[in-house]
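Quick notes on the structure that follows.
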Amino acid sequence: MTLEKSRQMYEKAKTLIPGGVSSPVRAIKPYPFYTSSADGSKIKDLDGNEYIDYCLAYGPEILGHNHPVIKDAIRAQLDKGWLYGTPTELEVTLAEKVASYYPSIDMLRFVSTGTEATMSALRLARGFTGKKKFVKIEGGFHGAHDAVLVKAGSGATTLGEPDSLGIPADFTKYTLQAPYNDIEAMAELVESNRDDLAAVIIEPVLGNVGPVLPKPGYLEELRKLTRENDVLLIFDEVITGFRLAMGGAQEYFGVVPDMTTLGKIVGGGLPIGVFGGRKEIMEMIAPSGPVYQAGTFSGSPCSVAAGIAMLDYLKQENVHEKLNTTGDYLRNALSEIVSDEGLDYTVCGIASMFKIFFGAEPYNYQDVLKCDKEGYLAFFHRMLASGIFLPPSQFETNFVSAAHSEEDIERTLEAYKENL
Ligand SMILES: *Cc1c(COP(=O)(O)O)cnc(C)c1O
């Protein structure tokens, strides 16, 4: 296997694009493969190598790449033009569908990315409640805007320190953090800040360091706690939305937040974000209310058309049932391999999300950090050489798509056996 063309492209890319990539996690060391095309479960690089893809664009490609139904929807839209700057019937149709699946969503607005969705949702939560602070979960990722780029400090709940240069500490002083799966720590933080606290924002399943699952009862207790203290609960379902079920984690776990953010799958693989919630909250958004939010590409016709096709296909074909069965099979088989090899690793996951943690089962961010990162990276490279593309970090979820065949799965399990 050669990666010579990718290596050369990387040398050129580095001089034009910082790190040679358009988003940091793509910067595989020593250099990433540059993709030429992708179809179904497979992704191909410039040198003609083909990999079975479990990264799947970090979540959106739940049907696999280049799905004909989504492609047809985009093509049909292309013939009618792809940007108007005016409202369309398409966005009303998609809004109605999304609202019908998400019990927390009466009304919603479309934006272009998950980052914009959480940024706007937090502004709206602050505008609606008239309060300044919010709590996020340590290790929770909500995109790349200032207020949420706050890393875990110690294991204790701490005031947020910005995670990046260029973010004044003043900008994150209203960002509080609590460890995942620890309702006592959360209760202390919420109760002592309730008069200033607008919202708690949480990935119901920690996806960006995970998947790390909620302990039984955790989300229910969080719902009760936030309600009793007049604090809004925001589920960031950018990964879990249309992944765990049509109604996301809120359907899967039966816990209804006040607001929800969506992205990734809901655009059928084209750029999109959604934030939504109860009517009286959403009506605070401009032009119906005083909380400002806007975007040139918001509700972009191709993204919305692809999203409608995606949702209809997922529903009509009952895709989640098949996918979740594949996920169960994969997790069980991986657990067997891990135990046969006598490794103290842990297979985690839910629905069509999975991952081997190189360490003990994690319940929060601090646990995840104890896993063997370097060991995982060595393993990642062996898998790549075996034609399997996993996310290039111990801290990213692996996904399986509806396009993965039995043969793909068996080949993948063989590679795990060989490379672990
Ligand atoms: C990916 C992600 C985001 C950010 O979405 P972008 O479209 O990359 O801006 C926000 N929240 C969660 C949970 C995500 O996984």
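Whatever order the structure lists ligands and atoms in, that order sets their numbers, starting from 1. Residue numbers start at 1 and run along the sequence shown. Just so it is clear, the structure is predicted and the values come from calculations on it, not from any experiment.
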Distance (rounded to the nearest 0.5 Å) between L189 CG and M186 CE: 7.0 Å

Ion pair check, K44 and D53, cut-off under 4.0 Å: no

Distance flag, aromatic centroids of Y329 and F354, threshold under 6.0 Å: no

Under 4.0 Å from ligand 1, counting heavy atoms only: the protein residues, by chain and number: T113, G114, T115, F141, H142, G143, E203, N208, D236, V238, I239, K264

D45 and Y51 side chains, donor-acceptor separation under 3.5 Å: yes

Check: Y102 ring centroid to F242 ring centroid under 6.0 Å: yes

Ring-ring centroid check Y180 Y218, cutoff 6.0 Å: yes

